[in-house]
Amino acid sequence: MADGQAMDEVVTFTSDLIRIDTTNRGGGDCQERPAAEYAAERLAGAGLEPVLLERTRGRTNVVARIEGTDPSADALLLHGHLDVVPAEARDWSVHPFSGEIRDGVVWGRGAVDMKNMDAMILAVVRSWARQGVRPRRDVVVAFTADEEASAEDGSGFLADRHPELFEGCTEGVSESGAFTFHDGAGRRIYPIAAGERGTGWLKLTARGRAGHGSKVNKENAVTRLAAAVTRIGEHEWPLRLTPTVRAALTELAVLYGIEPDLTDVDTLLEKLGPAAKLVEATVRNSANPTMLDAGYKLNVIPGEAVAYVDGRYLPGGEDEFRATLDLLTGPDVEWEFHHREVALQAPVDSPTYAAMRAAVEEFAPEGHVVPYCMSGGTDAKQFSRLGITGYGFAPLKLPEGFDYQALFHGVDERVPVEALHFGVRVLDRFLRSA
């Protein structure tokens, strides 16, 4: 089991990493290097030989390999990203880059997304070094840049340019799983991610006839764009159940003593109450308009208008997504992928999933582990190019009323110290048994 020093280190590392401002605004100005150097120094202190790699100056990634005891076993990738989304200090109770520890809670941007997991990884690896522990299979540790944008400087760069560092890796583990979900009725659910919807960020362009704002214009680009955006925003996507979501619905129904009727999913979701939040965003594709850009003067009809849409599609759902967008945009609006990444699915009957479940149940015996599909995406998408199957497993035992999912990219992001201690214990147990 992880030692007492690991419990102290995970808190220190989380706080220290938060204080290193790695804000990623998507314009390429993020500098992950100070955080990467921090992680590399601590990996080196555990006797490893981390390498620092950059596609772009300052956008630094760290990779190290821990040799297992069974050379014939497939390797496991353990990865976390170093960048964070922006935070406005005036909106926060505590400065978002203070890393302040107050009343048993670590505050700051990245506390749950995902410098907490980065700190857990470092704490476990260093605990192993002190105790002389080696895992059964090789474990490749990777800390990446640019996950909060395109990942081109991070996992995408690593997968495309340095695949040799991940030789033998067949499975990967990273963020957004094994956290406590309180259903409001006393049940504690621990969802483990075994899938992700694909990313389809879209750019819509409408073209028309420019002219004076006082004149009749049947070829108004703004009107054409607005109509298309409205159709997209109001579209009712059909129900589509993937194997992971089927498993999630079935296990939740059993937990609640409900007949798992997958022919009437909307009614089933109603019966699940608050627990439906774990599933409802992943039973359909989606497309949400998010940005508009048109015109340069009030009395001038522009010749072009642009909109952006956050689209997500289920595993196996990209063809339907494309065809539907063709219909919704119509003949007067063109659409293209501004950013595209694949949807993922992982088996829930694998030995690795079983090991994750067992690790959670050992330290949270009152909990109920279920699989789920992430509505968004992670670096697992890029690593899938190397044939690596990805799971979401960043364990945290959270008190009731602590809305973990709302804190992702939210104000007053924070993580309890006890949750970090739980995470270290569970991650250590899983990695030793995987």
Side-chain angles (χ1 to χ4, degrees), residues 1-3 6 9-10 13 36 39-53 61-82 114-144 154-155 158-159 162-178 192-193 346 350-360 362 378-380 382-384 386-395 423-434:
M1 182 181 293
D3 59 16
E9 286 191 340
V10 70
F13 295 164
E41 287 172 7
R42 277 135 196 89
L43 291 173
L48 302 180
E49 298 180 355
V51 293
L52 278 71
L53 300 155
N61 304 273
V62 184
V63 183
R65 182 180 286 259
I66 304 168
E67 291 190 7
T69 58
D70 182 0
S72 67
D74 294 330
L76 176 74
L77 172 61
L78 185 59
H79 60 101
H81 63 84
L82 297 169
M114 63 172 295
K115 289 179 175 179
N116 62 332
M117 179 62 165
D118 297 337
M120 289 182 216
I121 295 169
L122 292 172
V124 169
V125 169
R126 289 167 63 85
S127 178
W128 284 0
R130 289 189 293 271
Q131 298 179 63
V133 172
R134 288 177 61 193
R136 179 184 66 87
R137 58 202 291 196
D138 281 13
V139 174
V140 176
V141 174
F143 296 112
T144 62
S155 56
L158 292 176
H162 296 281
E164 72 284 354
L165 295 175
F166 307 96
E167 175 120 21
C169 288
T170 57
E171 296 170 307
V173 169
S174 189
E175 62 182 315
S176 297
I192 293 175
S350 68
T352 296
Y353 181 87
M356 289 187 285
R357 177 192 288 272
V360 172
E362 179 174 332
T378 73
D379 278 334
Q382 286 73 30
F383 287 123
S384 71
L386 303 178
I388 298 173
T389 299
Y391 292 96
F393 187 75
V424 168
R425 294 187 184 101
V426 174
L427 188 62
D428 172 68
R429 165 72 167 77
F430 159 65
L431 292 172
R432 291 185 193 227
S433 61

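Nothing fancy with the numbering, it's 1 onward along the sequence.
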Next on the checklist: Less than 6.0 angstrom separating the ring centers of His79 and Phe383, yes or no?
Outcome noted: yes
Checklist outcome for this item: Heavy atoms of Ala46 and Ala129 approach each other most closely as O-CB, 3.4 Å
Checklist entry - Roughly how far, to the nearest 0.5 Å, is the CG atom of Asn61 from the CG atom of Leu158? => result 4.0 Å
Item to check | Atom of Ala434, atom of Ala355 and distance for their closest heavy-atom approach | outcome: CA-CB, 4.3 Å
Checklist entry - Is there a side-chain contact between Leu43 and Leu122 (heavy atoms, below 4.5 Å)? => result yes
Item to check | Sole candidate of Thr389, Asp74, Leu76, Ile388 that passes side chain to side chain contact (heavy atoms under 4.5 Å, CB included) when paired with Cys169 | outcome: Ile388
Checklist entry - If you take all heavy atoms of Arg137 and Thr352, which pair is closest and at what distance? => result NH1-OG1, 3.5 Å
Next on the checklist: Is a donor from one side chain sitting under 3.5 angstrom from an acceptor on the other, for Ser174 and Tyr391?
Outcome noted: no
Item to check | Pairwise distance NZ(Lys115) to CD1(Ile121) - rounded to 0.5 angstrom | outcome: 14.0 Å
Next on the checklist: Working note: Arg65 + Leu165, criterion side chain to side chain contact (heavy atoms under 4.5 Å, CB included); need CA distance, chi angles, decisive distance, verdict.
Outcome noted: CA-CA 8 Å; Arg65 182 180 286 259; Leu165 295 175; over 6 Å; no
Next on the checklist: Which residue in the set Val133, Leu78, Val141, Leu431 passes side chain to side chain contact (heavy atoms under 4.5 Å, CB included) when paired with Ile66?
Outcome noted: Val141
Checklist entry - Going through the distances and angles, do Asp379 and Thr144 end up as a side chain to side chain donor-acceptor pair (under 3.5 Å)? => result CA-CA 8 Å; Asp379 278 334; Thr144 62; 2.6 Å; yes
Checklist entry - If you round to the nearest 0.5 Å, how far is CE of Met114 from CG of Asn116? => result 7.0 Å
Item to check | N-O pairing of Glu362 and Arg357 below 4.0 Å | outcome: no
Checklist outcome for this item: Heavy-atom nearest pair, Ala193 first then Ser176, reads CB-O, 3.7 Å
Checklist entry - Which heavy atom of Leu386 sits nearest a heavy atom of Ala159, and at what distance? => result CD2-O, 3.5 Å
Checklist entry - From Met120 CE over to Asp118 CG, what is the distance, rounded to the nearest 0.5 angstrom? => result 9.5 Å
Checklist entry - CZ of Phe430 to OH of Tyr353: how many Å apart, nearest 0.5 Å? => result 12.0 Å
Next on the checklist: What I'd like to find out is whether the side chain of Leu53 reaches to under 4.5 Å of the side chain of His162, using heavy atoms alone.
Outcome noted: yes
Checklist entry - Around atom CD of Glu67, are there more than 12 heavy atoms of other residues, nucleotides or ligands at under 6.0 Å? => result no
Item to check | Spatial distance of atom CZ (Phe143) from atom CZ (Arg42) [nearest 0.5 Å] | outcome: 11.0 Å
Checklist entry - Nearest heavy-atom pair of Met1 and Arg432: which atoms, and what distance? => result N-NH2, 3.2 Å
Item to check | side chain to side chain contact (heavy atoms under 4.5 Å, CB included) assessment of Glu9 paired with Ser127 | outcome: CA-CA 9 Å; Glu9 286 191 340; Ser127 178; over 6 Å; no
